[in-house]
Number of protein chains: 2
Amino acid sequence: MSNVTSRRGRSAEGRAEVRRDLVTAAVDLFTARGYDDTTVDDIAAAAGVGRRTFFRYFKGKEDAVSPDHELGLARIAEVFATAHPTEPLLSVVLRAGETVFDLYLSDPGTARKRFALVHEVPALRDREAAMVHRYRRLFTKELAARLADVEDGDLRAAVTGAAVVAAHNQALRRWLADGGTAGGTEACRAHFRKVAGMLPLEQAPDLEQVARRLERAARSLERRTS
Amino acid sequence: MSNVTSRRGRSAEGRAEVRRDLVTAAVDLFTARGYDDTTVDDIAAAAGVGRRTFFRYFKGKEDAVSPDHELGLARIAEVFATAHPTEPLLSVVLRAGETVFDLYLSDPGTARKRFALVHEVPALRDREAAMVHRYRRLFTKELAARLADVEDGDLRAAVTGAAVVAAHNQALRRWLADGGTAGGTEACRAHFRKVAGMLPLEQAPDLEQVARRLERAARSLERRTS
DNA sequence: TGTTATGTGGCACGGAGTGCCGTTAGAGTG
DNA sequence: CACTCTAACGGCACTCCGTGCCACATAACA
């Protein structure tokens, strides 16, 4: 049975194999000949499938180099959904952010190749920006639902969501720029966690209480000196 | 002289007129018949120009409904470039953010139409996300240059840039959702300015420690006076 | 050994975006 | 007024993306 004929009536493993072949072919061709000079026919031919099959695995040419963002979004939603009600919101946000790291850190090699491509090809940059936008929206939505009773909860949710995603991407870019070694993943995570001190999740210190303590101290002093 | 023939050898005013006609035709057709069911030929025909001319005014079909983001980016860069060195960074950031409001608030009617379209058509949503990404990148770049000597300056810059853009967009969306009345622009600006208290630009003063020091000073004074 | 379900490739089509070129209005010059 | 030059326009042809349709092959199943 030849390789081509074995690809008819494919099983689940066969489908995953075709998808991997298409991603590999796309990344290699984009890197070697450039994104614009690579047609979908080229990718499909390099992967040994028909052009029509490419569009059954990917919504478009740009998606052939994207990691599985749907999975990342689903994991974030799961962290928020399964979090214990008493867990501080800051802790939940950090756990959700760190969950996404695994999608990149699990395969540093292709992550590096994708990073180089995405930062070179405008079409892929815009695609990535759209995906970041979806991550940010998800964080903001989940946070807004939990900050409904806080003053300016919507604004806090929007700012926090954007900040978390920005910190995540910054840590990831820094890790990839440093070579994306498997040993640097913990430093990457630590760098991301520093965002915890920059989020407007907790109320500012209660200045009213501070003022009362000062007033009490002043009154005490007043009594003594009079 | 017919309208069509008068459009040959156009002057600067003629070019601006054609651009306006194309934007109007695009917005109207997208709203009436949907984005996907409107071809570039339809837009060009409705504006009374040839299809080829459309692509001389816009890079692509999606750009026909976009405001002039290049101008907005240029204004932000100008605010940062011309800011006095002694002006607090927070003030510069807020001024830069408010500058962009004018681009939308100057024409509330088309802003509302665009808002409805952008939030309905996936292609336009992604386009907008890419533009937001560019705004965020610009803020982050300018901030990083001014936070080079601060601890975790890169992270602070990334978080602050993302937060400012998010707050800006949130205020804008809120204003548009409320009808986009001309009178609500000041409330929109005020809402945006609330982000000032949520940015990790300055170290937050540890008020708890301040209170303890004051209490200690008071007690010390108390002992002296007794 | 049929039968059905599923994945596949080929074909054709509409639309986006681009390069090229002839045409034409308007501006400048004598 | 006559001429030239410049710049914008329209049309044509082309490549490629993405999709609907259909015939076909394979695997699982009865």
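Lettering of chains follows the sequences in order, A, B, ..., and the numbering in each one begins at 1.
- A straight line from CG of A:D36 to P of D:dC14 spans 22 Å, rounded to a whole angstrom.
- Taking the ring axis of B:F80 as reference, the NZ or CZ atom of B:K141 does not stay both within 45° of it and closer than 6.0 Å to the ring centre.
- A salt bridge links A:R95 with A:E87: the closest approach of a Lys/Arg side-chain nitrogen to an acidic carboxylate oxygen falls below 4.0 angstrom.
- Phosphate proximity of D:dC16 to A:T39: absent, as no side-chain N or O sits under 4.0 Å from OP1 or OP2.
- Taking atom CZ of residue A:F55 and atom P of nucleotide C:dG15, one finds them 17 Å apart after rounding to whole Å.
- Atom CD in A:E62 sits about 11 Å away from atom P in D:dC17, given to the nearest Å.
- Remark: the B:R56 side chain and the D:dG10 base include a donor-acceptor N/O pair separated by less than 3.5 Å.
- Of all heavy-atom pairs spanning A:V164 and A:F192, the tightest one is O-CE1, 3.7 Å.
- As rounded to whole Å, 8 Å separates atom P of C:dG17 from atom CZ of B:F54.
- For A:R52 against C:dG7, no side-chain N or O and base N or O form a donor-acceptor pair under 3.5 Å.
- Here D:dC17 presents its P atom at 7 Å from CG of A:D41, a figure rounded to the nearest Å.
- Regarding A:F58, its CZ atom lies at a distance of 12 Å from the P atom of C:dT8, rounded to whole Å.
- With rounding to whole Å, A:R19 atom CZ is found 14 Å from C:dG7 atom P.
- Figure legend: cation-pi geometry between A:K113 and A:F30 absent, as NZ or CZ is not positioned both under 6.0 Å from the six-membered ring centre and within 45° of its axis.
- Distance NZ (A:K61) to P (D:dT15): 15 Å, rounded to an integer number of Å.
- In this structure, of D:dC17, D:dC9, C:dA16, it is D:dC9 that holds the atom nearest to the side chain of B:Y57.
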